[in-house]
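Not measured: the values here are computed from a predicted model.
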Amino acid sequence: ANGDIAIYAESWKTYYDAGEGEHHAILALSHDGGHTFEPPLVVANDPANVVFFWDQRLTVDPRTGQMIGMFWTHDRRAEQDRNAHIAWGSPDGRHWSVPLDAGFAGQIPSPLALSDGRLLAVYVHRHYPPSLRAILSGDYGKTWDAAHELVFYEKKLGDEAGMQGQRAIADYYA
């Protein structure tokens, strides 16, 4: 509301670094229309460096200005995706809750905060059946109405990459 711009990204390691790296979902703020940015703020990370909070998508509660972030979440040791996760941030983006399990399996969940207190999330369901879905929460992401989830695209033939369970981290880059 005050005109600040927030750009979200991920930070992990340099391209040629063969080490394990330390993954962070980050946010950079600009107070001058995008001409300059503050140093990045950490939105989500796992101090044990086991869980990755990938492909964050953010929305802003139009009533309070509170930020809400959702993540495709991956366990690097188990080599499997976890359920999507959600975190809540202060209106200035400087303080974030620990990401919590959103209760549904999906990748790249994109939230949209609605003015009546609901949160809509659109996501890729990369499990059987592979599909694109939309799900609503009546309490800004604390709980989700899975019984009324909308499937608006479903792939009828063949599996999607990653549906068989475990995947080595190198497979994601291939």
Which distance, rounded to the nearest 0.5 Å, do you find between the [atom1] of [X] and the [atom2] of [Y]?
X      : Y      : atom1 : atom2 : result
Gln56  : Ile108 : CD    : CD1   : 13.0 Å
Glu38  : Leu27  : CD    : CG    : 9.5 Å
Tyr153 : Ser131 : OH    : OG    : 9.5 Å
Lys13  : Glu22  : NZ    : CD    : 12.5 Å
Leu119 : Thr143 : CG    : OG1   : 10.5 Å

Heavy-atom closest pair, residues [X] and [Y]:
X      : Y      : answer
Asp92  : Leu29  : O-CD1, 3.1 Å
Ile135 : Glu149 : CD1-OE2, 3.7 Å
Leu58  : Tyr8   : CD1-CD2, 3.6 Å
Gly141 : Ser137 : N-OG, 2.7 Å
Ile86  : Ile68  : CD1-CG2, 3.7 Å
Gln66  : Gly89  : CG-O, 2.9 Å

His31 vs Ile5 side-chain heavy atoms within contact, under 4.5 Å: no

Is there a side-chain contact between Phe71 and Asp55 (heavy atoms, below 4.5 Å)? no

Ignoring hydrogens and angles, tell me if any N or O in the side chain of [X] forms a donor-acceptor pair with the backbone of [Y] under 3.5 Å.
X      : Y      : answer
Tyr140 : Leu114 : yes
Ser97  : Trp88  : yes
Thr59  : Ala113 : yes
Ser115 : Pro62  : no
His125 : His127 : yes
Asn45  : His24  : no

Is it true that the side chains of [X] and [Y] contain a donor and an acceptor less than 3.5 Å apart?
X     : Y      : answer
Asp32 : His35  : no
Asp61 : Thr64  : yes
Glu10 : His23  : yes
Asp81 : Gln107 : yes

Taking a hydrophobic cluster as the set of Ile, Leu, Val, Met, Phe, Trp and Tyr residues connected by side-chain heavy atoms closer than 4.5 Å, whether directly or through intermediates, do [X] and [Y] fall within one such cluster?
X      : Y      : answer
Leu100 : Trp72  : no
Val124 : Phe152 : yes
Leu132 : Leu150 : yes
Leu136 : Val122 : yes
Val60  : Trp96  : yes

Strictly below 4.0 Å, N to O, side chains only: are Glu154 and Arg133 in salt-bridge contact? no

Are the charged groups of Arg77 and Asp75 less than 4.0 angstrom apart, N to O? no

Looking only at the aromatic ring of each residue, does the gap between the centers of Phe53 and His85 stay below 6.0 angstrom? yes

Do the ring planes of Phe52 and Trp54 sit parallel (below 30°), tilted (30 to 60°) or perpendicular (above 60°)? tilted

